[in-house]
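In listed order, ligands and their atoms are each counted from 1.
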Amino acid sequence: MKFTKLHGLGNSYIYLDGFNDAIPSEQDLPKTAIAVSNPYTGIGSDGLILILPSEGSDVRMRVFNNDGSEAKNCGNGLRCVSKYVYDRGIVTSTTFTIETLGGEVEAEVHPDDANQVKMVTVDMGVPRLKKSDLPMTGNGAEQTINESIAIADHQFSMTGVSMGNPHIIMFTDDISKAPVSTLGPLIEKSSVFPEGVNVEWVQMVSEREMNFKVWERGSGITQACGTGACAAVVAAVLNGQSKKDEEVIVHLPGGDLYITWSSKDDHVWMRGEAVTVCHGKYLA
Ligand SMILES: N[C@H](CCC[C@H](N)C(=O)O)C(=O)O
């Protein structure tokens, strides 16, 4: 099986090109995601991403976490898919649309003088803020903004944001002390989140800068989460820590993303790198 490995700030996936190559059958996709993600017996990644033809958009992206579960969106994946389809001539324009389970987005690649794409901008659309959008249970308020929620004998102040996939954000004064590996999985699997959740901790540096760590639903600790960074900036604005229309630099473990929540159309814009690691043939 032919593949390409790409990463966005160290959040790497194995990409299969459904325009040019054969891809596994539907029922084999979860186990393929688990197998190729394994760093010892597979290729090593945070999951599997399919690049597919689309009925209504230019391209369709499907995302599988390294536990085989299918995600509804993936910001780093969208930037890498954008780089791939432009590099391979699957699209001929520098702007195009990508269909995801979480909705359609618009991407723009920024080729340099040598027509090489390093930076990509994605219009991630409108964040969804209702509890029912994640989904999540809670105190009955329609939105979860700095709401005190009890999980596993802990009390958390949480803000819930969906970017097509669910995110719960907590603010901390010291990101180095965020209990990502211990409390991340407990929150992810809590009954508060019937479909699971991506869990983010944020330390504000200023109105326009934050430090960020993530425990991803279905993949655990990753170097970066693009949808999570978007959700974190939305949460910061909702909590009065940042402002709409002001670009926020998000320092993730694997690098920086630039996020703006526009007041013009309520869309969230994400700008960041996309890197091709290798092309290969998976034989197992
Ligand atoms: N790493 C991805 C998020 C994957 C989300 C997935 N873990 C889920 O929603 O189940 C990103 O860059 O947005």
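Using a 4.0 Å cut-off between charged side-chain N and carboxylate O, Arg62 and Glu26 make a salt bridge.
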Return a table of N or O atom pairs, ligand 1 on one side and protein on the other, at distances under 3.5 Å, rounded to 0.1 Å.
{"residue": "ligand 1", "atom": "1 (N)", "partner": "Asn11", "partner atom": "OD1", "Å": "2.8"}
{"residue": "ligand 1", "atom": "1 (N)", "partner": "Tyr13", "partner atom": "OH", "Å": "3.0"}
{"residue": "ligand 1", "atom": "1 (N)", "partner": "Glu216", "partner atom": "OE1", "Å": "3.2"}
{"residue": "ligand 1", "atom": "1 (N)", "partner": "Glu216", "partner atom": "OE2", "Å": "2.7"}
{"residue": "ligand 1", "atom": "7 (N)", "partner": "Asn65", "partner atom": "OD1", "Å": "3.0"}
{"residue": "ligand 1", "atom": "7 (N)", "partner": "Asn198", "partner atom": "OD1", "Å": "3.0"}
{"residue": "ligand 1", "atom": "7 (N)", "partner": "Glu216", "partner atom": "OE1", "Å": "2.9"}
{"residue": "ligand 1", "atom": "7 (N)", "partner": "Arg217", "partner atom": "O", "Å": "2.8"}
{"residue": "ligand 1", "atom": "9 (O)", "partner": "Asn165", "partner atom": "ND2", "Å": "3.1"}
{"residue": "ligand 1", "atom": "9 (O)", "partner": "Asn198", "partner atom": "ND2", "Å": "2.9"}
{"residue": "ligand 1", "atom": "9 (O)", "partner": "Arg217", "partner atom": "NH2", "Å": "3.1"}
{"residue": "ligand 1", "atom": "10 (O)", "partner": "Asn65", "partner atom": "ND2", "Å": "3.0"}
{"residue": "ligand 1", "atom": "10 (O)", "partner": "Arg217", "partner atom": "NE", "Å": "2.7"}
{"residue": "ligand 1", "atom": "10 (O)", "partner": "Arg217", "partner atom": "NH2", "Å": "3.2"}
{"residue": "ligand 1", "atom": "12 (O)", "partner": "Asn11", "partner atom": "OD1", "Å": "3.3"}
{"residue": "ligand 1", "atom": "12 (O)", "partner": "Gly75", "partner atom": "N", "Å": "3.4"}
{"residue": "ligand 1", "atom": "12 (O)", "partner": "Asn76", "partner atom": "N", "Å": "3.0"}
{"residue": "ligand 1", "atom": "12 (O)", "partner": "Asn76", "partner atom": "ND2", "Å": "3.0"}
{"residue": "ligand 1", "atom": "12 (O)", "partner": "Gly226", "partner atom": "N", "Å": "2.7"}
{"residue": "ligand 1", "atom": "13 (O)", "partner": "Gly75", "partner atom": "N", "Å": "2.7"}
{"residue": "ligand 1", "atom": "13 (O)", "partner": "Gly226", "partner atom": "N", "Å": "3.3"}
{"residue": "ligand 1", "atom": "13 (O)", "partner": "Thr227", "partner atom": "N", "Å": "2.9"}
{"residue": "ligand 1", "atom": "13 (O)", "partner": "Thr227", "partner atom": "OG1", "Å": "2.6"}

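For Lys31, the salt bridge (Lys or Arg N to Asp or Glu O under 4.0 Å) partners are Asp28, not counting sequence neighbours. Residues passing the salt bridge (Lys or Arg N to Asp or Glu O under 4.0 Å) test with Glu147 are Lys131, sequence neighbours excluded. Under the salt bridge (Lys or Arg N to Asp or Glu O under 4.0 Å) criterion, Arg88 pairs with Asp17, sequence neighbours left out.
A 4.5 Å side-chain heavy-atom check between Phe96 and Ser82 finds at least one atom pair inside the cut-off.
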| query | Taking it one step at a time, do Asp245 and Lys264 satisfy salt bridge (Lys or Arg N to Asp or Glu O under 4.0 Å)? | reply | CA-CA 8 Å; Asp245 301 319; Lys264 183 166 66 72; over 6 Å; no

